Structure formats: structure tokens, C-alpha cells
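Below: the structure, in C-alpha cells.
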Amino acid sequence: MEAKRFKIRRNIWLTEKLYLLELEGSFNQTPIPGQFVHIKIEPFFLRRPFSIAGYKDNYLKILYRIAGRATDILAQKKEDELLGLIGPSGNGFPVNKKWENVYLAAGGTGIAPLLFLAETLKKKNCNITFFYGARTSDCIAFNILPYGVNYVFSTDDGSYGYKGLVGDILKRYIMENGVPDVIYSGGPYEMLRKIAEISKKYNLSAFVSLENRMACGVGICYGCVTKIKCKDGWEYKRVCKDGPVFNTEEVLWE
Amino acid sequence: MEAKRFKIRRNIWLTEKLYLLELEGSFNQTPIPGQFVHIKIEPFFLRRPFSIAGYKDNYLKILYRIAGRATDILAQKKEDELLGLIGPSGNGFPVNKKWENVYLAAGGTGIAPLLFLAETLKKKNCNITFFYGARTSDCIAFNILPYGVNYVFSTDDGSYGYKGLVGDILKRYIMENGVPDVIYSGGPYEMLRKIAEISKKYNLSAFVSLENRMACGVGICYGCVTKIKCKDGWEYKRVCKDGPVFNTEEVLWE
Amino acid sequence: MGIKPLEVKLGRLSLKTPIIMASGIFSYGEVNLNYIDYKKLGAITTKTMTFNPKKGNPQPRIWETPSGMINCIGLQNPGIKEFIKKKLYSINISGVKTIVSISGENIDEVKRITDLLVKQGVNAIELNLSCPNVNRENMMVSQSPDDTYSFVKAVRDIDGDITLIAKLSPNVTDITETALAAEKGGADVLNLINTVKAVAVDIEKKRIIEGGLSGPAIKPIGLRAVFDVYKKVQIPIIGTGGITTGQDALEYILLGASALGIGSGLFSNPYLIDKIYHYLIKFLKKNNIKKITNATGLLNEKKYKGAEKR
Amino acid sequence: MGIKPLEVKLGRLSLKTPIIMASGIFSYGEVNLNYIDYKKLGAITTKTMTFNPKKGNPQPRIWETPSGMINCIGLQNPGIKEFIKKKLYSINISGVKTIVSISGENIDEVKRITDLLVKQGVNAIELNLSCPNVNRENMMVSQSPDDTYSFVKAVRDIDGDITLIAKLSPNVTDITETALAAEKGGADVLNLINTVKAVAVDIEKKRIIEGGLSGPAIKPIGLRAVFDVYKKVQIPIIGTGGITTGQDALEYILLGASALGIGSGLFSNPYLIDKIYHYLIKFLKKNNIKKITNATGLLNEKKYKGAEKR
Ligand SMILES: Cc1cc2nc3c(=O)[nH]c(=O)nc-3n(C[C@H](O)[C@H](O)[C@H](O)COP(=O)(O)OP(=O)(O)OC[C@H]3O[C@@H](n4cnc5c(N)ncnc54)[C@H](O)[C@@H]3O)c2cc1C
Ligand SMILES: Cc1cc2nc3c(=O)[nH]c(=O)nc-3n(C[C@H](O)[C@H](O)[C@H](O)COP(=O)(O)OP(=O)(O)OC[C@H]3O[C@@H](n4cnc5c(N)ncnc54)[C@H](O)[C@@H]3O)c2cc1C
Ligand SMILES: Cc1cc2nc3c(=O)[nH]c(=O)nc-3n(C[C@H](O)[C@H](O)[C@H](O)COP(=O)(O)O)c2cc1C
Ligand SMILES: Cc1cc2nc3c(=O)[nH]c(=O)nc-3n(C[C@H](O)[C@H](O)[C@H](O)COP(=O)(O)O)c2cc1C
Ligand code: FES
Ligand code: FES
């Protein structure tokens with residue numbers, strides 16, 4: 001875990017309330033997909049967690065949506081301003097050489113860690129099908145999507161791609177095209193729960209990136225916990241340290 | 001009293017920690033010299049008071065020094081940003097047709113209201129002698145000083161003009177050149193006290209602009225009071241509403 | 001005339017909106033601030049009056065703190081007689097009710113003030129039982145349930161018809177106890193909370209500022225007081241403490257406040273009254289609630305439609 | 001070796017600096033954060049342990065407030081036995097002392113925990129008498145001077161040699177009473193303050209968050225507790241609450257703190273320990289003060305050179 005200042009290279013509006021933040025700086029420990037950074041946005045007391053959407057030498061990418069007060073201020077930040085980051089935090093998505101046929105399922109800004117993951121998986125020559133659901137066609141940021149990937153789009157209102165929820169589309173797709181070796185997913189809780197149901201039904205490996213309100217972001221306050229199954233039922237585990245990526249099987253879905 | 005947003009036209013560094021802030025906007029009620037505005041500088045809860053250093057149609061000038069946290073942030077503000085102002089507040093300097101020979105005595109940022117006053121007095125063809133004291137020559141912002149005025153500079157270290165305190169210089173000047181009809185002054189408390197002593201000694205009219213920490217800035221909280229003489233001794237009067245300009249005779253100097 | 005959605009009743013006092021200027025932050029209403037839209041204001045509470053004049057505390061009286069401020073004005077006021085002579089009748093803003101805030105070091109003083117005010121036809125009194133700045137060595141009245149009861153009862157006994165508001169300090173082990181005592185003593189309304197006792201250090205000048213903390217910093221403390229007390233009392237509550245947005249106001253209402261005390265937030269935002277007014281109107285429309293009084297306590301009683309179970 | 005300017009003694013515990021990680025904000029010290037310079041840290045207080053394991057509270061456990069936060073972790077912990085087995089011996093940071101924070105719903109529980117810890121050779125225990133999140137219906141121990149006394153005495157009676165710290169709640173009418181009770185019960189050190197009881201409203205999800213307020217918002221409340229208690233007790237005080245800068249730390253010291261509890265400020269600023277360390281060193285140099293212990297209470301006792309009279 002490191003605490004460093006990164007410089008804003010670009011902070012650009014993509015579509016609707018979605019922004020792309022490109023930062024200059026690097027961690028000694030190379031981040032892996034699924035990890036996040038905890039950003040100090042003045043004047044707020046608590047930091048805000050954002051998944052790493054891409055990382056190269058001296059370059060870190062964040063994809064974010066204006067969700068409230070801090071992200072609103074983040075969107076007003078200009079080139080060359082400095083941001084205090086803590087990271088890379090959390091466990092990241094597990095990958096396995098044997099998993100060649102991979103489904104990625106993203107809802108909203110849940111796509112952020114999957115963009116980073118897709119880059120990594122592409123290098124391993126995986127066969128990637130990317131399910132991407134958004135509210136309407138206006139919410140889809142086409143220009144940030146990686147090449148060389150098979151896309152299945154969906155929108156709540158059918159304005160682009162299929163009409164319906166990512167989970168339902170994915171399920172239908174499996175019925176028509178068969179199961180993958182693994183599913184990786186990020187998005188709203190309800191969507192992740194659906195992914196968990198599907199993975200259980202088809203006995204698939206599936207990993208989801210959870211989100212919760214955080215204070216420390218590094219595993220020392222127990223503020224961000226979620227229910228994880230254990231031998232005597234369940235226990236609260238930390239999303240920031242034990243996660244944010246969990247096997248869908250471990251999670252006690254509520 | 002009005003509450004309005006003014007747009008920053010220029011916010012420029014003058015010298016040392018001194019800045020000039022030029023704002024676009026106007027009040028329905030035309031401000032008079034000695035009045036101030038109460039400015040909201042995010043994220044601070046309380047506003048900060050600043051004397052009006054100049055006012056024309058759609059144009060308001062502030063001269064400020066980085067004194068702490070809020071002024072530090074103010075100095076970082078850029079062109080076109082908006083600032084919330086309450087004003088014009090306070091009583092302003094009294095002027096009298098009979099007062100032709102006028103001394104202005106400024107210490108540090110206490111010069112701000114006197115700049116505005118000098119402009120007004122010049123229009124009335126007063127004979128102005130401007131005493132301006134600063135710490136060192138580096139602290140004097142020459143380019144903001146009005147023309148057509150007789151200057152007597154002084155610095156604490158003698159690096160420009162006389163060496164010594166404004167009060168002492170003024171006293172010596174009076175002994176050599178005679179008394180004025182009135183003295184107007186702004187600056188540190190100790191300096192204003194000295195002006196009061198001089199005005200008493202020579203039986204002169206003298207007006208000073210006081211400063212105190214403020215909450216409301218409009219006379220409703222009684223936070224900014226100072227001791228003012230009254231028939232049964234003294235009472236606390238509001239700097240923001242009953243002042244900030246007081247006759248040196250009224251003030252109970254501490 | 002149809003329903004006036006923001007109208008509220010506090011005791012016998014009808015307010016056209018639940019928005020009230022808290023004591024000490026609006027002087028006696030005599031300063032004309034033309035940025036304030038008085039049509040949206042329900043009432044003005046005067047600065048707290050004592051029997052004898054008070055000079056108040058020395059400087060500094062104001063200190064900024066993170067998201068808040070400390071004040072130690074020290075109840076500067078001209079005394080009740082001068083107030084009646086010079087100020088009372090100048091408070092005259094059409095449609096805006098006046099609540100006279102009073103305080104005394106003992107029951108006798110409070111009674112004498114009340115007597116004088118009742119004779120002048122004043123019909124709403126707020127008993128400030130919690131000013132933390134005066135008599136520093138002693139406890140505040142509202143730090144003791146017994147004292148709270150006696151002080152309130154003394155005023156109530158003088159006149160059964162005035163609307164009597166008891167304003168309580170948060171500096172107690174259990175505020176529901178003093179709240180119940182005030183209710184039992186005959187208060188028609190509770191005002192929660194006054195400032196929180198606090199100290200600041202002026203590092204530069206090497207001095208200490210003792211006073212009362214207000215502003216956004218104390219909102220969570222004020223909300224908790226309303227949350228706890230609403231469960232226990234039958235009388236309406238004015239929620240005060242850190243209100244600087246319309247949402248803050250609504251939070252107080254949903255936890256149990258019938259009206260809102262606007263304090264130091266006014267210094268920060270001159271248009272706060274408008275902001276709250278429009279936020280509440282919009283909230284009622286959006287949620288199809290007819291009157292703001294129907295929203296009081298919704299979250300506390302877990303009656304709020306769609307409220308998440310925990 | 002010369003003087004170590006920041007060294008302080010708390011009871012029998014010697015710390016190389018007065019900077020202490022407060023309970024609950026650093027887990028058990030087992031998480032390796034390489035941005036923390038442990039050379040500048042005096043001690044780590046563990047998360048509060050109870051006898052039996054505790055699952056803790058449901059989400060949300062964290063809520064941001066103006067210049068602060070509310071937490072309702074609910075004392076999640078593996079229970080004292082598991083703690084001793086798995087965590088105690090992994091806390092081993094060179095030169096940094098460990099303070100084990102414990103809490104119990106009754107004296108018996110607290111005694112049993114202490115017994116186990118003393119047997120393990122633990123030499124510093126902080127008795128958390130003020131956690132506001134558990135047993136919501138009941139009062140906290142440190143809301144009653146009598147209970148405070150009995151709990152502290154029970155631990156003290158088990159072992160006279162451990163350094164015993166009593167951590168108190170600010171949610172009382174008069175904190176000097178509980179402070180004196182703790183001192184009488186045998187506490188070597190006081191820790192002031194724990195979080196302030198608070199409520200937040202999640203307007204969007206229509207739910208209430210009850211918990212403890214921390215962060216800069218409560219600094220003026222913590223300072224006041226130290227200011228008041230320092231005048232009354234003989235034992236050293238750890239000042240805790242809203243410390244986010246070196247100046248905050250110094251303010252606590254000047255009012256009477258011998259050491260500093262760093263709480264949620266650490267979440268905001270990972271380099272807070274460094275910042276405080278350097279600020280204090282610089283302060284000593286500039287003011288020609290030899291040891292930080294000489295600065296404790298300077299402003300409270302009005303002994304600070306150049307302090308303004310009021
Ligand atoms: C591990 C992790 C990774 C994340 N990655 C991204 C990302 O890549 N892109 C992105 O846009 N967002 C991401 N988020 C969510 C992001 O942290 C929140 O949107 C942000 O904190 C909102 O701050 P705000 O002040 O603007 O909103 P607030 O005003 O605080 O709240 C607005 C909304 O955001 C929700 N929210 C607030 N804090 C959190 C939080 N910590 N986690 C989840 N929801 C929250 C609130 O419930 C509310 O609905 C991530 C969250 C976590 C925990
Ligand atoms: C009527 C009036 C007119 C003023 N006009 C000017 C002006 O034209 N130009 C200018 O540069 N400054 C002026 N000041 C002072 C200015 O308000 C303060 O410098 C400013 O508020 C400091 O804010 P800060 O957050 O940067 O400093 P802080 O961090 O709050 O404090 C830094 C220093 O400023 C002092 N200070 C803080 N608030 C005030 C205050 N309200 N009054 C006086 N000193 C204060 C503190 O004692 C401290 O020494 C005026 C003050 C008043 C009352
Ligand atoms: C400058 C100032 C003066 C105050 N004077 C009084 C007073 O005279 N009587 C009183 O009952 N409350 C007084 N208060 C307390 C407020 O009425 C209010 O209860 C408190 O400030 C909390 O609300 P806020 O956070 O909105 O400011 C005063 C508050 C401030 C800031
Ligand atoms: C997330 C969190 C968890 C806490 N857990 C405990 C605890 O277990 N035991 C305890 O005595 N105090 C606990 N506290 C209180 C802190 O130790 C400290 O007293 C309080 O937060 C005030 O300090 P601060 O303002 O610096 O955070 C906790 C505080 C926070 C923010
Ligand atoms: S946010 Fe502190 S443990 Fe996860
Ligand atoms: S600052 Fe409120 S009366 Fe002057």
C-alpha cells in the first residue's frame with residue numbers, strides 16, 4: 001500500500017455523467033485488475049474509492065460517474081492539479097491459465113475494473129465476450145471500449161443493443177451459446193446477485209467486484225464489511241482488503 | 001445590504017503576499033469608501049470581510065494579503081470564477097466639505113479602504129498627504145497608488161522612505177508641516193491607537209477603520225464588537241454595523 | 001383558501017412556514033436585510049433577554065472551527081425594560097411571528113421578565129435554559145431535569161396561554177430526561193439544540209476561546225437529540241443545529257421536528273430561508289404528501305414509504 | 001544519550017513519542033502500511049476486544065458528515081481468546097508499544113478479559129468505557145461516575161502493575177465527574193474522548209445511521225474535555241478527537257494532554273504521524289522548550305510565555 005500524489009493529465013467528459021480521469025504517476029507495486037485507489041477530494045473528510053480502469057508505466061486511468069458531491073468536484077479538476085492516492089488496494093481478480101473462454105459482465109461504472117481486466121486477458125489471448133449494460137444508449141461510452149472483444153450491449157430502454165438487464169441477457173446468451181470458463185462482473189448489487197445465481201445454476205466460476213462505503217480503504221477500520229460465508233455460517237469481511245473481488249459462492253447475498 | 005455573485009475579472013499578485021482582486025458586478029446601493037464586503041470562500045463556514053478598495057459601475061476592487069487559510073485559497077482563484085458577496089456593509093468614512101487638507105495614514109492592508117477614499121477626495125480637490133507604512137520596501141505595491149497625491153513612505157527597516165512607524169512619521173510631519181483638517185486611517189490596532197493619541201493631542205478630527213473577527217457581518221450576531229464610549233462609561237458596539245469606521249474619540253482604546 | 005402545505009402550529013402559535021430564525025443570530029429583527037424573503041419565514045426568535053442589561057464577553061467572540069464556529073457573545077443585551085421600550089414594538093414584519101427569548105440566573109428573574117412581557121401582550125416566549133457562556137462555573141439550568149422543570153413551571157404558572165418553548169442544552173448525559181421534565185413543567189414546545197460546549201485555541205495569540213459550537217459540525221448531534229426525544233414526548237419539537245441546506249431541514253423533520261431553527265447557517269448562506277422553503281415544497285409535491293406536518297417523524301416511526309429495513 | 005524531546009511516560013509505559021493510534025482505527029496493527037513511519041509512533045491501541053466474539057453491525061457502518069464521520073462498527077472482533085491465539089503475538093513493531101483495548105458489558109466480563117491478558121504478559125490495557133454503538137438501549141459505563149469507578153477498580157485490583165487507561169465518553173453532563181471516578185478507581189491514564197453520539201439520515205435510501213461522530217468536527221469538544229479535566233486530575237491525559245494536523249496535536253498538549261490519540265484523521269491523511277512529529281519537534285525548537293512534557297497544560301495553567309490575558 002502506497003500513498004502518493006498523482007498529477008492529472010486529462011479529466012474529460014465522456015457521456016452523460018461519465019468521466020475519464022488520466023493520471024500521471026506510478027506505484028512501486030504494479031496494480032492488477034480489480035484493485036482500486038482511494039482518492040482524497042478536498043474538502044471532504046473521507047476519501048473516495050475508484051477502481052483502476054487501466055495502468056501503464058507512469059499512467060493510471062479512472063472511469064467515474066458523477067454520483068454525488070465529491071465526484072461532482074472531481075469532475076471540475078483541471079490538468080496538472082495533484083490528487084492524493086492510496087493504493088493499489090484490494091485483492092484483484094484471480095486469473096487462471098485454464099480459463100480461455102471468458103465472459104465479462106458490466107453494469108454502469110462497474111465496467112471500470114473490467115476494462116483493465118480485458119486488457120490483461122487479451123494479452124493472454126483469451127476469448128472474451130463483453131456484456132455491457134447501461135440505462136440508455138446515451139450512457140454508453142463507446143470510445144473507451146477495448147478492441148478485439150465480442151460485445152453484447154444492452155440498455156434498460158432498448159435504445160441500444162438488447163432491451164433488458166445484463167443478467168437476463170447473459171443468461172439467454174449462455175442458453176444459446178454455452179457456458180464460459182469463468183465470469184467476471186462489476187455493477188449494481190442486484191446485477192451481481194443475478195450473476196451469482198447464474199454461476200450457481202451452471203456451476204461456473206464467477207468473480208464480482210463489490211462496492212461499499214469506505215473509511216480507511218486499507219483494512220484497518222472494518223467499515224466496509226460484507227457478509228461472507230464461513231464454516232459456522234457467515235462473518236463480516238472487509239470489501240477493501242479481503243475484496244473488493246469475491247467469488248460469487250462466498251458471498252452471502254442479501 | 002445585498003447578497004450577490006460577482007465574477008472574477010482579474011486576481012493578480014502584486015508584491016510579497018499582496019494581491020489585487022478585480023470583480024465584475026454591482027450593488028444597487030453605491031458603496032462609499034470605508035464600507036466592506038463579506039466574501040464566501042469555500043470550503044470555509046464563515047465569510048471573510050474585505051474593505052472595498054475601489055468601485056465603479058460593474059467593477060469592484062479588493063486588495064488583500066494572504067493572512068491564513070481562506071486568503072490562501074482566494075489567491076488561487078481564477079478569472080471567471082464566481083464569488084458570493086454580501087455588501088456594501090458598514091458605515092464608511094464621513095466626509096465634510098470643509099475638510100480640504102487631509103492626511104491619510106495607512107499601515108499594511110489597512111491601505112485598502114484609503115485607496116477608495118483617496119479617489120473620492122481627489123474628485124473634491126482635497127489636498128491629500130498619504131502616509132503609507134510597510135514592513136519593507138518589498139511589501140509596497142507602488143502600482144496601485146493613486147496619482148496626484150503627496151506621499152510619505154515609511155518602512156520598518158528603512159528600506160524605503162523613512163525608517164519607523166507610520167504614527168511616529170505622521171507626528172513628526174505634523175510638527176514640521178502643521179495639522180490637517182482631518183486624518184483618516186486604516187491599519188494595525190497599535191497604529192490606530194497612535195493616530196488616536198495624535199488626534200487627541202492636536203485636537204483633530206480623525207477616523208479609523210477597525211477590524212475584528214466577524215460571523216454575520218451585517219449586525220445581527222454581536223460577534224465583532226469593540227468598546228465604544230457612552231454616557232455611563234462604555235458599551236460594546238458592532239464593528240460591522242456601527243463601524244467599521246469610528247471616530248478615534250469614541251473608541252475605548254485597550 | 002385550500003391547504004397551506006407548510007403551515008405549522010406550535011402550541012397556540014400558528015406559523016405560515018416551519019422556518020424560524022434561532023435566537024441570537026438575528027438580533028431583534030430590527031436589521032433590515034433585503035436579501036431575506038420574509039414571506040417564507042415563520043417566526044423570528046429574538047436574542048436572549050435577561051432582566052438586567054449585560055455587556056457581554058470580551059473579544060474574540062467568534063472562532064471558526066472545522067465546518068462550524070464557536071461563539072461566546074455572553075448574552076449581550078440591553079435588559080428587558082430597555083428591550084420593551086426600544087425594541088419590542090419595532091419588530092413588526094408582516095406575517096412573521098415574534099418569539100421572545102429570555103433567560104435568567106434564577107427562577108425569580110425569569111418570572112419577573114415573563115410578567116413584564118405578558119403585560120405587553122407577548123404571546124410566545126422561548127426559555128433559553130442552555131446558554132453555555134454565562135456563569136461558566138455553574139451548571140446550566142437544562143443540565144438538571146429538576147431545575148428544568150421548576151424554571152418551565154414558573155413561567156407556565158404566570159400565564160397559561162402564551163406559547164412556551166423550552167430550549168435545551170445537548171450537554172447532558174440523557175437529553176430525554178430534561179425534555180420530559182420541560183414537558184411536565186408545562187412547555188408547549190421544545191427547541192433542540194442549543195450550542196455544544198467547546199473550546200478553541202488561538203495558537204498565534206496564545207489564548208483560549210471557550211464557548212458554544214454551532215454549524216454543520218453539530219448537525220449529527222442535533223439530529224440525534226430530536227431522534228431520541230421525539231420517541232418520548234408528546235409536544236412538538238423545533239429542530240435546531242447545523243441546518244445549512246434544504247436537505248438538512250428535511251432530515252430534522254423526518255426524525256421528528258415540527259419546525260426548524262436556523263442558526264449560524266444564515267451567516268454562511270443569505271438565501272438559506274428560500275432554499276429550505278423551496279426544498280420542502282418540492283419534497284411534498286414529489287412524495288405526494290399534503291402537509292409538512294404529515295412528514296414529521298416519518299423516519300423515526302419507520303412509517304416512511306420505501307424506508308429501508310435494517 | 002541526551003534528552004529525547006518527545007518521550008513521554010504514561011503510567012509505567014514509556015513511549016518514544018506521544019503519538020498513539022487510537023482504538024478501532026488501526027485494527028490490531030497487523031495490516032502493513034508502508035507509508036507509515038513507525039519510528040515516529042509511540043503506541044498502537046488495538047481494536048476494542050470483548051470476551052465473546054462479536055459479528056458487529058450491518059451496513060452502512062460509515063457515514064460522512066460535515067468535517068467528520070459517523071461509525072457504527074459495533075465492536076466487531078474475534079473475542080479475546082481468538083485474539084490472544086491469532087493476533088496478540090503478531091503485533092510486533094519495533095519500538096512501538098501495544099495497548100490492548102478491552103470492553104465488557106459487566107464487571108465480570110472485563111475481569112475475565114483482564115485475567116487472560118495479564119497472564120499473557122500484556123502490560124497496557126485501555127478500558128473502553130464509552131463505546132456508544134453496542135447495547136444501544138442501555139447507558140454507557142462512562143455515563144455514570146459510579147460504574148466508571150467500579151469497572152476501573154475491578155481491573156486495577158487484578159494487577160497493580162499494568163498501565164491502565166480509562167477511555168471516557170463525552171456524552172455526559174460533566175466529564176470531570178467520570179474522570180475523577182476513573183482516577184479514584186485506579187486508572188493511571190485517561191483517554192479523552194471517544195466518539196460523540198450522533199445520528200445521520202440517508203435521504204436517498206430512507207434510513208437512519210446511529211453511531212459515533214469523529215473527525216475535525218469534534219475537535220472543539222475533545223479540547224474542551226481535556227481543558228476541563230486537566231484542572232481536576234493528577235494523572236496524565238491522552239487527548240483524542242479530530243486531530244488532523246500538527247497544530248491540532250499541539251492544541252491538545254497546551255490544554256493538558258500528555259499524549260495524542262490519532263483516530264479517523266489517519267484515514268484522511270496517511271502521513272499524519274509524520275506531520276505531527278515534525279510539527280512538535282519544530283515547536284519545541286522554536287520556543288526553546290526541552291521536552292514535550294514541559295508543554296503539557298501550558299495554556300490551561302496560563303503559564304505559556306506571551307499568552308494573552310483576557
Ligand atoms: C471498491 C470500489 C470501487 C469503485 N469504483 C468506482 C469506479 O471505478 N467508478 C465510479 O464512478 N465509482 C466507483 N465506486 C463508487 C464511488 O466510490 C462512489 O460513487 C463515490 O464514492 C461517490 O462519492 P460522492 O461524494 O460523489 O457521492 P456521495 O454524495 O457520497 O453519494 C452519492 C451516491 O454514491 C454512493 N456512494 C457513496 N460512497 C460510496 C462508496 N464508497 N461505494 C459505493 N457507493 C458509494 C451513495 O450511496 C450515493 O448513492 C467504487 C466504490 C468502491 C467501494
Ligand atoms: C472590516 C474589515 C475589513 C477588512 N479589510 C481587509 C482588506 O481590505 N484586505 C485584507 O487583506 N484584509 C482585510 N481584513 C482582514 C481579513 O478579513 C482577514 O485577513 C481574513 O479574514 C483572514 O482570513 P484567513 O482565513 O486567510 O485567515 P485565518 O486563518 O482565519 O487567520 C489568519 C490571521 O488573520 C486574522 N483574522 C482572521 N479573521 C479576521 C478578521 N475578520 N478581521 C481581522 N483579522 C482577522 C487572524 O487573527 C489571524 O492573525 C478586513 C477585516 C475586517 C474586519
Ligand atoms: C452568534 C450566536 C449567538 C447565539 N445566541 C443565542 C442566544 O442568545 N440564545 C439562545 O438561546 N441561543 C443562542 N445561540 C444558539 C442558536 O440559537 C442555535 O441554537 C445554535 O447556534 C445551533 O444552531 P446552528 O448550528 O444552526 O447555529 C446563538 C448562536 C450563535 C451562533
Ligand atoms: C471506525 C472507528 C472505529 C472505532 N472503534 C473504536 C473502538 O473499538 N474502541 C474505542 O475505544 N474507540 C473506537 N473509536 C473511537 C476512536 O478511538 C476515537 O476515540 C474517536 O474516533 C475520536 O477521535 P478522532 O476524531 O480522531 O477519530 C473508533 C473510531 C472510528 C472512527
Ligand atoms: S474501509 Fe476500513 S476496513 Fe475497509
Ligand atoms: S459580525 Fe455579526 S454583528 Fe458584526
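A note on names: the letters A, B, ... follow the listed sequences, proteins ahead of strands, and every chain is numbered from 1. Everything numeric here is computed off the predicted structure, so don't read it as measured data.
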Counting only heavy atoms from other residues, nucleotides and ligands, does the tally under 6.0 Å from [atom1] of [X] exceed 12?
| X | atom1 | answer |
| --- | --- | --- |
| B/Lys17 | NZ | no |
| B/Glu249 | CD | no |
| C/Arg112 | CZ | yes |

How would you list, by chain and number, every residue that makes a side chain to side chain contact (heavy atoms under 4.5 Å, CB included) with C/Thr240, sequence neighbours excluded?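 Side chain to side chain contact (heavy atoms under 4.5 Å, CB included) check on C/Thr240 returns C/Ala22, C/Asn191, C/Ile238.
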Working to the nearest 0.5 angstrom, can you tell me the gap between B/Lys241 NZ and C/Ser27 OG?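 B/Lys241 NZ to C/Ser27 OG: 10.0 Å, rounded to 0.5 Å.
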Going from CZ on C/Arg61 to OH on B/Tyr236, what distance comes out if it is rounded to the nearest 0.5 angstrom?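 If I round to the nearest 0.5 Å, the distance is 6.0 Å.
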Where do B/Val239 and C/Gln59 land on the side chain to side chain contact (heavy atoms under 4.5 Å, CB included) test, with the steps shown first? CA-CA 12 Å; B/Val239 168; C/Gln59 283 292 328; over 6 Å; no
Residue by residue, which of residues 23-48 of chain B have a heavy atom closer than 4.5 Å to a heavy atom belonging to chain C?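 From residues 23-48 of chain B, the residues near chain C are B/Lys40, B/Phe44, B/Phe45, B/Leu46, B/Arg47, B/Arg48.
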Chain C-proximal positions within residues 209-229 of chain B [heavy-atom distance under 4.5 Å]: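 Those residues of residues 209-229 of chain B which have a heavy atom under 4.5 Å from chain C are B/Asn212, B/Arg213, B/Met214, B/Ala215, B/Cys216, B/Val218, B/Gly219, B/Ile220, B/Cys221, B/Tyr222, B/Gly223, B/Cys224, B/Val225.
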Determine the option with the most heavy-atom pairs under 4.5 angstrom with chain B, choosing from [options].
| options | result |
| --- | --- |
| C/Met69, C/Glu64, C/Gln76 | C/Glu64 |
| C/Gly68, C/Pro66, C/Gly24, C/Pro53 | C/Gly68 |
| C/Ser67, C/Gly265, C/Ser264 | C/Ser264 |

Donor-acceptor contacts, no H, no angles, side chain residues 73-90 of chain B, under 3.5 Å, sequence neighbours left out:
residue : atom : partner : partner atom : Å
B/Gln76 : NE2  : B/Asp72 : O            : 3.4
B/Lys78 : NZ   : B/Gln76 : O            : 3.2
B/Glu81 : OE2  : B/Lys78 : N            : 2.8

Step-by-step side chain to side chain contact (heavy atoms under 4.5 Å, CB included) determination, C/Lys55 to B/Trp234: CA-CA 9 Å; C/Lys55 281 196 188 286; B/Trp234 59 268; 3.2 Å; yes
Under 4.5 Å from any heavy atom of chain B, what part of C/Ile36 do you find: side chain, backbone, both or neither?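 Neither part.
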Go through the atoms of C/Glu204 and report whether side chain, backbone, both or neither lie under 4.5 Å from a heavy atom of chain B.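 C/Glu204 has no heavy atom closer than 4.5 Å to chain B.
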